[in-house]
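Shown next, in structure tokens, is the structure this report addresses.
The model shown is predicted, which means the values in this text are computed figures rather than measured ones. Remember, it's 1-based here, ligands and their atoms both numbered in the order they're listed.
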Amino acid sequence: MATRTEIASLGEFGLIDHLTRNNETRQASTLVSVGDDAAVLDPLGKQIVVTTDLLIEGVHFDLVYTPLTHLGYKSIIVNLSDVYAMNATPTQVTMSIGISNRFSVEALEEFYEGVYAACEKYNVDLVGGDTTTSAKGMIISVTAIGEVNAGSFVKRDGAQKGDLICVSGDLGASYLGLLLMEREKKIFLESPGVQPDLENQDYILRRLLKPEARKDIIEFFEEQQIVPTSMMDISDGLSSELLHICKQSHTGCLIYEDKIPIADQTREFAFKLGMDPTACALSGGEDYELLFTLKQEDYEKVTLNEQISVIGYITEAEAGSYIITRSDKKHALTAQGWNAFK
Ligand code: ADP
Ligand code: MG
């Protein structure tokens, strides 16, 4: 059996030292990292973006099927995604955790393995955090800091009539991964002997358990000198996010069902469950893709990037927000999405 070291045997300070003993600094803007009362950062003439997220066991994640390494990784990624959504480059993160004695030192090491893997991959520094006791369940709070050239940040309110609506990657996979995991969990709880049936579902599972943030898209914008007119990341489903952009930009929109990118595996698993893949893309969550609008003159440039799909265009507010289906019908877009089977 694997060894189990009780947190109490290290104490709070011992635990922090243990978890941060190999912590590296990569960013020039990190002057003081973990170990003092506060980190010291020097933005080097850039503007700073800050974002934070709170994750609660039983609400945002389920440790029955979430490996701790993946959870550590994902808790960093969801914050980096928000930084990229501002057209900024993430540079530092802080990690605060609330844990009960149910967790061993080894379990937290696994969690931090994921945290450090994400920091390394995205070139960000872990510069601090807090560690405290939780009566029940695990609580994770991450703050991410990023840098952006003066005036180059992109908000949600800049879309204009005629702008192209674009998304990165593909949508709906993470939601179907969640449905798959919930199904397997139920089967497991009812009959523990049954082996999970996860064959050919690696993509949707990876999208749920180990998502990535779209660093590549922000780098592409920089290379191509593209500045989106508005942008946000897709954490709650395409339709709800698009309605946010329209509301804040005082516009309407028109998107086309057949242009929404959905992976084959996502589509197949949706059909297996008797669900509409488009509805999953519109209303599923946790895709961590970028939704953005561009001036029409940037159209040629985005066709260079296979990871970007143009799904429609911005209209004036009076025109409303609609989706044109494959069968050429026009439906109002709602925050709950739209379901072809209704
Ligand atoms: P304080 O009592 O001032 O809050 P702590 O003892 O909590 O200080 O933290 C000591 C140092 O360790 C600080 O730099 C803090 O940011 C960092 N730290 C605390 N907990 C964590 C953690 N879970 N992960 C990373 N760094 C942490
Ligand atoms: Mg503290």
Give the numbers and elements of all ligand 1 atoms closer than 4.0 Å to a heavy atom of [X].
{"X": "Asp130", "result": "7 (O), 19 (C), 20 (N), 21 (C), 23 (N)"}
{"X": "Gly128", "result": "16 (O), 25 (C), 26 (N), 27 (C)"}
{"X": "Asp36", "result": "13 (C), 14 (O)"}
{"X": "Met95", "result": "22 (C), 23 (N), 24 (N)"}
{"X": "Phe13", "result": "6 (O)"}

Any N or O of [X] that comes nearer than 3.5 Å to an N or O of ligand 1?
{"X": "Ser33", "result": "no"}
{"X": "Val127", "result": "no"}
{"X": "Thr131", "result": "yes"}
{"X": "Val34", "result": "no"}

(request) Determine, considering heavy atoms only, which of Asp37, Val115, Thr20 sits nearest to atom 3 (O) of ligand 1. (result)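 The option holding the nearest heavy atom is Asp37.
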(message) Side-chain heavy atoms under 4.5 Å apart, restricted to Ile/Leu/Val/Met/Phe/Trp/Tyr: what other residues fall into the cluster of Leu189, or is it alone?
(response)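 Other cluster members: Phe188.
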(request) Would you check if the side chain of Gln201 reaches a backbone N or O of Gly177 as a donor-acceptor pair within less than 3.5 Å? (result)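 Flag not set: sc Gln201 to bb Gly177 has no pair under 3.5 Å.
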(request) Taking Ser283 for its side chain and Gly237 for its backbone only, find out whether a donor-acceptor pair lies under 3.5 Å. (result)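 Checked: no pair found.
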(request) Would you indicate whether Glu120, at its atom CD, is surrounded by more than 12 heavy atoms from other residues, nucleotides or ligands within a distance under 6.0 Å? (result)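 Incorrect, the count does not exceed 12.
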(message) Can you tell me if Lys301 has over 12 outside heavy atoms packed within less than 6.0 Å of its NZ?
(response)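 Yes, enclosed.
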(request) Give the contacting part of Tyr112 toward ligand 1: side chain, backbone, both or neither, where contact means a heavy-atom distance below 4.0 Å. (result)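 The side chain, only.
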(request) Have a look at ligand 1 and work out which part of Ile16, if any, has a heavy atom under 4.0 Å from it: side chain, backbone, both or neither. (result)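 It is the side chain that touches ligand 1; the backbone stays farther off.
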(request) Could you go through the side-chain hydrogen bond (donor to acceptor under 3.5 Å, both in side chains) check for Ser168 and Glu289 one step at a time? (result) CA-CA 6 Å; Ser168 64; Glu289 295 294 346; 2.5 Å; yes
(message) Tell me whether Asp163 is salt-bridged to Lys161, with the criterion being a basic N under 4.0 Å from an acidic carboxylate O.
(response)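 Judged by the 4.0 Å cut-off on N to carboxylate O distance, Asp163 and Lys161 do not form a salt bridge.
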(message) Could you check whether Lys185 makes a cation-pi contact with Tyr65, meaning its NZ or CZ is under 6.0 Å from the centre of the six-membered ring and within 45° of the ring axis?
(response)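 Here Lys185 fails the 6.0 Å and 45° test against Tyr65.
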(request) Would you check whether Leu19 reaches within less than 4.0 Å of ligand 1, judged by its heavy atoms? (result)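 For ligand 1, residue contact (heavy atoms, under 4.0 Å) with Leu19 is absent.
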(request) Return the set of residues passing salt bridge (Lys or Arg N to Asp or Glu O under 4.0 Å) with Asp125 (not counting sequence neighbours), or none when no residue passes. (result)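 Listed in chain order: nothing, the list is empty.
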